[in-house]
Amino acid sequence: MHQPVEKSFFEKPVLELAQDLIGQLIVHELPTGPVIARIVETEAYHGAEDQAAHSFRNRRTKRTEVMFGEPGSVYTYQMHTHTLMNVVCGPVGTPHAILIRAGEPVEGLEFMRERRGEKLAMKDWTNGPGKLSKALGITMNYYGHHWTNRPLFIAKSEAVGEVATSPRIGIANAGEAVHYPWRFYEKDNAFVSKFRP
DNA sequence: CCCCTGATTGAA
DNA sequence: TCAATCAGGGGC
């Protein structure tokens with residue numbers, strides 16, 4: 001049985017946490033059994049000073065509100081027809097967050113296959129932020145949930161491969177911030193998302 | 001209108 | 001394999 005991480009796991013600078021999340025597990029406990037993916041790709045968003053962040057210049061709306069709250073909170077938002085999930089970081093009042101961009105299926109494979117389509121190759125189930133949420137059964141209902149509480153939590157796992165960095169994906173119009181190397185991913189992992197120009 | 005996207009289409 | 005298209009929520 002997996003156990004949620006301690007709240008203190010989230011109390012560190014956003015770039016550090018983004019890296020530490022690589023290799024950890026997202027556990028979604030459903031009546032039919034646990035559905036688990038191992039995080040292989042994240043992106044850090046540095047709140048007020050980061051033009052690519054929703055909370056740039058401390059923009060505070062119904063959507064971004066949760067980022068001003070407790071580190072370890074779940075920030076979900078909708079991008080077109082998809083749900084993307086983030087881990088809130090930074091002290092209360094500092095709206096930092098980490099987008100979870102991709103994972104590797106670990107458990108609940110039948111559930112994921114069903115959610116993602118019978119014909120789809122396993123490597124395409126969870127290799128993008130929207131795909132991962134869909135595969136794990138995570139919806140906007142988890143907005144404001146905490147990543148240490150069942151039935152949706154982050155758990156520690158052991159082995160982590162080499163972590164590489166790159167600029168973030170899909171933020172073309174973010175000025176200076178376009179080049180910041182704030183994307184983290186496990187090197188040579190087949191479930192890392194495809195680069196988007 | 002512009003996005004922290006992804007499935008599908010139709011060309012090369 | 002790749003580029004274009006579009007779906008359709010929220011913020012400005």
Side-chain angles (χ1 to χ4, degrees), chain A residues 10 14-15 17-19 21-22 26 37 39-69 71-90 94-105 112-145 147 154 164-186 190-197:
Chain A
F10 301 102
V14 68
L15 295 179
L17 181 57
Q19 178 154 353
L21 282 168
I22 302 292
I26 298 175
I39 299 169
V40 300
E41 180 180 351
T42 61
E43 280 178 1
Y45 286 84
H46 204 272
E49 308 80 33
D50 180 1
Q51 200 173 154
H54 292 157
S55 50
F56 180 50
R57 292 203 256 252
N58 284 317
R59 178 192 293 142
R60 192 161 184 160
T61 65
K62 191 159 189 174
R63 180 170 75 156
T64 63
E65 183 61 32
V66 72
M67 283 195 270
F68 292 85
S73 298
V74 176
Y75 170 39
T76 47
Y77 70 92
Q78 197 147 351
M79 162 54 69
H80 296 279
T81 56
H82 312 285
T83 300
L84 276 64
M85 54 184 164
N86 294 251
V87 178
V88 172
C89 183
T94 304
H96 294 179
I98 296 150
L99 172 65
I100 301 176
R101 282 198 57 88
E104 174 178 348
M112 295 194 214
R113 187 203 311 281
E114 227 171 85
R115 300 260 316 158
R116 295 287 298 128
E118 302 290 334
K119 305 162 302 221
L120 207 54
M122 183 168 153
K123 69 170 184 57
D124 293 320
W125 291 356
T126 52
N127 62 340
K131 300 177 193 179
L132 179 62
S133 301
K134 178 106 194 261
L136 292 172
I138 291 163
T139 66
M140 287 300 293
N141 292 338
Y142 280 107
Y143 182 93
H145 178 79
W147 283 110
I154 288 171
T165 65
S166 85
R168 294 170 292 179
I169 294 179
I171 56 164
N173 211 355
E176 286 292 301
V178 167
H179 308 293
Y180 300 167
W182 289 352
R183 171 172 175 253
F184 300 86
Y185 60 97
E186 189 175 53
F191 296 92
V192 170
S193 74
K194 305 291 178 286
F195 186 76
R196 165 192 298 265

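Here is how names work: the chains are called A, B, and so on, in the same order as the sequence lines, proteins then strands, and each is numbered from 1. Everything numeric here is computed off the predicted structure, so don't read it as measured data.
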Spacing of [X] atom [atom1] relative to [N] atom [atom2], expressed in whole Å:
{"X": "A/Leu84", "N": "C/dG10", "atom1": "CG", "atom2": "P", "result": "14 Å"}
{"X": "A/Gln51", "N": "B/dC4", "atom1": "CD", "atom2": "P", "result": "11 Å"}
{"X": "A/Trp125", "N": "B/dA7", "atom1": "CH2", "atom2": "C1'", "result": "18 Å"}
{"X": "A/Lys62", "N": "C/dG9", "atom1": "NZ", "atom2": "C1'", "result": "13 Å"}
{"X": "A/Gln78", "N": "B/dC2", "atom1": "CD", "atom2": "C1'", "result": "16 Å"}
{"X": "A/Asn127", "N": "B/dA7", "atom1": "CG", "atom2": "C1'", "result": "13 Å"}
{"X": "A/Lys194", "N": "B/dA7", "atom1": "NZ", "atom2": "C1'", "result": "14 Å"}
{"X": "A/Met140", "N": "B/dC4", "atom1": "CE", "atom2": "C1'", "result": "13 Å"}

* Structure fact -> In Watson-Crick or G-U wobble terms, with both distances under 3.5 Å, the base opposite B/dC4 is none
* Asked: Watson-Crick or G-U wobble partner for C/dG8, using a 3.5 Å limit on both distances?
  -> none
* Structure fact -> The residue, A/Arg116 or A/Tyr77, whose nearest nucleotide of DNA chain B is more 5′ is A/Tyr77
* Just to confirm, is there a sub-4.0 Å distance from OP1 or OP2 of B/dT5 to any side-chain nitrogen or oxygen of A/Arg101? -> yes
* Asked: Below 4.0 angstrom from OP1 or OP2 of B/dC4, is there any side-chain N or O of A/His54?
  -> yes
Identify which nucleotide among [options] has an atom closest to any side-chain atom of [X], counting heavy atoms from C-beta outward.
{"X": "A/Thr81", "options": "C/dG11, B/dC4, C/dA7", "answer": "C/dA7"}
{"X": "A/Leu99", "options": "C/dG11, C/dG8, B/dC4", "answer": "B/dC4"}
{"X": "A/Thr61", "options": "B/dA7, C/dG11, B/dC4", "answer": "C/dG11"}
{"X": "A/His80", "options": "B/dC4, C/dG9, C/dG11", "answer": "C/dG9"}
{"X": "A/Lys131", "options": "B/dA7, B/dT5, B/dC4", "answer": "B/dA7"}

* Measure up the A/Trp182 and A/Tyr180 rings against each other and bin them: parallel (under 30°), tilted (30 to 60°), perpendicular (over 60°). => tilted
* Can you say whether the rings of A/Tyr77 and A/His54 are parallel (under 30°), tilted (30 to 60°) or perpendicular (over 60°)? -> perpendicular
* Indicate whether the side chain of A/Glu41 and that of A/Ser193 have a donor and an acceptor atom separated by less than 3.5 Å. => yes
* Please state the P separation for the pair C/dT5 and B/dC1 - nearest whole angstrom. => 14 Å
* To do: May I ask you to say what A/Ile171 touches in the nucleic acid, namely base, sugar-phosphate or nothing, with a heavy-atom cut-off under 4.0 Å?
  => sugar-phosphate
* Asked: Relative to A/Tyr75, does A/Arg63 satisfy both conditions: NZ or CZ under 6.0 angstrom from the six-membered ring centre, and within 45 degrees of the ring's axis?
  -> no
* Report yes if a donor N or O on one partner sits less than 3.5 Å from an acceptor N or O on the other, where the partners are the side chain of A/His82 and the base of B/dG6; otherwise report no. => no
* Asked: Can you find a pair of side-chain heavy atoms, one from A/Tyr45 and one from A/His96, that are under 4.5 Å apart?
  -> no
* Asked: Hey, does the side chain of A/Asp50 reach the backbone of A/Ala52 with a donor-acceptor pair shorter than 3.5 angstrom?
  -> yes
